[in-house]
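A quick write-up on the structure given underneath.
Since the model is a prediction, treat every value here as computed from it, not as a measurement. These numbers come from the heavy atoms of this one structure, side chains and all, not from hydrogens, waters or symmetry mates.
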Amino acid sequence: MDNFKIIEIPKIEDHRGNLSVIEGNLLPFALKRVYYLYDVPSGAYRGGHAHIDQLEFLIAISGSFDVVLTGPNGEKKRITLNRPDKGLLIPNMVWRELEGFSSGAVCLVAASDIYKEADYIRDFKQFINYNSI
């Protein structure tokens, strides 16, 4: 499964602290929604869905967490995000689960569309069946 992509976010280094910027054509979509996950309890997971059309870009703003991706053919990949200057682009029709959040971890998500419940597939069996049609 090679349909995800790690994207390096430009970093401006300064003795006063670093600054990273997402602008221009860094992402292959216009941002329509930004949200973030934080205070995720130890052992909990987030995600557990796929999007029919929406693309998402995940960044570990603070701390670390794992993203487990499952493609339409059932192949799995685990990616650890732990740097605020690198993000994970997740295309549509990829099942995602976020787990292993470190203490104080913050996951920022930039999405290609506003929230639309109809765009979510929340049942893994339906996800697999959707792709076999």
| said: Counting neighbours of NZ on Lys116 that are heavy atoms of other residues, nucleotides or ligands and sit closer than 6.0 Å, is the number greater than 12? | reply: no
Is [Y] reachable from [X] through a run of hydrophobic residues whose side-chain heavy atoms are each under 4.5 Å from the next?
| X | Y | result |
| --- | --- | --- |
| Leu58 | Leu31 | no |
| Phe101 | Leu81 | yes |
| Leu88 | Leu26 | no |
| Ile6 | Phe65 | yes |
| Val109 | Phe4 | yes |

Is the backbone of [Y] close enough, under 3.5 Å, to the side chain of [X] for a donor and an acceptor to pair up by distance?
| X | Y | value |
| --- | --- | --- |
| Ser64 | Ser102 | no |
| Arg96 | Val94 | yes |
| Ser112 | Leu55 | yes |

Measuring from atom [atom1] of [X] to atom [atom2] of [Y], what distance do you get when rounded to the nearest 0.5 angstrom?
| X | Y | atom1 | atom2 | result |
| --- | --- | --- | --- | --- |
| Cys107 | Ile59 | SG | CD1 | 8.5 Å |
| Leu27 | Ile22 | CG | CD1 | 5.5 Å |
| Glu97 | Asp66 | CD | CG | 11.5 Å |

| task | Would you check if Leu19 and Asp14 make a side-chain contact, meaning some heavy-atom pair closer than 4.5 Å? | result | no
| field | Salt bridge present between Arg78 and Glu99 (N-O < 4.0 angstrom) | value | yes
| N-O pairing of Asp85 and Arg83 below 4.0 Å | yes
Kindly give the heavy-atom pair with the smallest separation between [X] and [Y], and that separation in Å.
| X | Y | value |
| --- | --- | --- |
| Ser20 | Ile9 | CB-CG2, 3.8 Å |
| Ser62 | Gly104 | OG-O, 3.3 Å |
| Pro72 | Ile128 | O-CD1, 4.3 Å |

| task | Begin with the C-alpha distance, continue with both residues' side-chain angles, and end with the deciding distance and a verdict on side-chain contact (heavy atoms from CB on, under 4.5 Å) for Glu117 and Arg122. | result | CA-CA 10 Å; Glu117 182 58 34; Arg122 297 187 185 274; 2.9 Å; yes
| Which residues satisfy the ring-ring contact (aromatic ring centres under 6.0 Å, His included) test with Phe29, sequence neighbours excluded? | none
| The single option from Tyr120, Tyr130, Phe124 passing ring pair (Phe, Tyr, Trp, His ring centres under 6.0 Å) against Trp95 | Phe124
Expected list for residues 32-53: side-chain donor-acceptor pairs under 3.5 angstrom, two or more places apart:
unit_1, atom_1, unit_2, atom_2, d
Tyr35, OH, Glu56, OE2, 3.1
His49, ND1, Gly47, O, 3.4
His49, NE2, His51, NE2, 3.4
His51, ND1, Asp119, OD2, 3.0
His51, NE2, Gln54, NE2, 3.4
His51, NE2, Glu56, OE2, 3.2

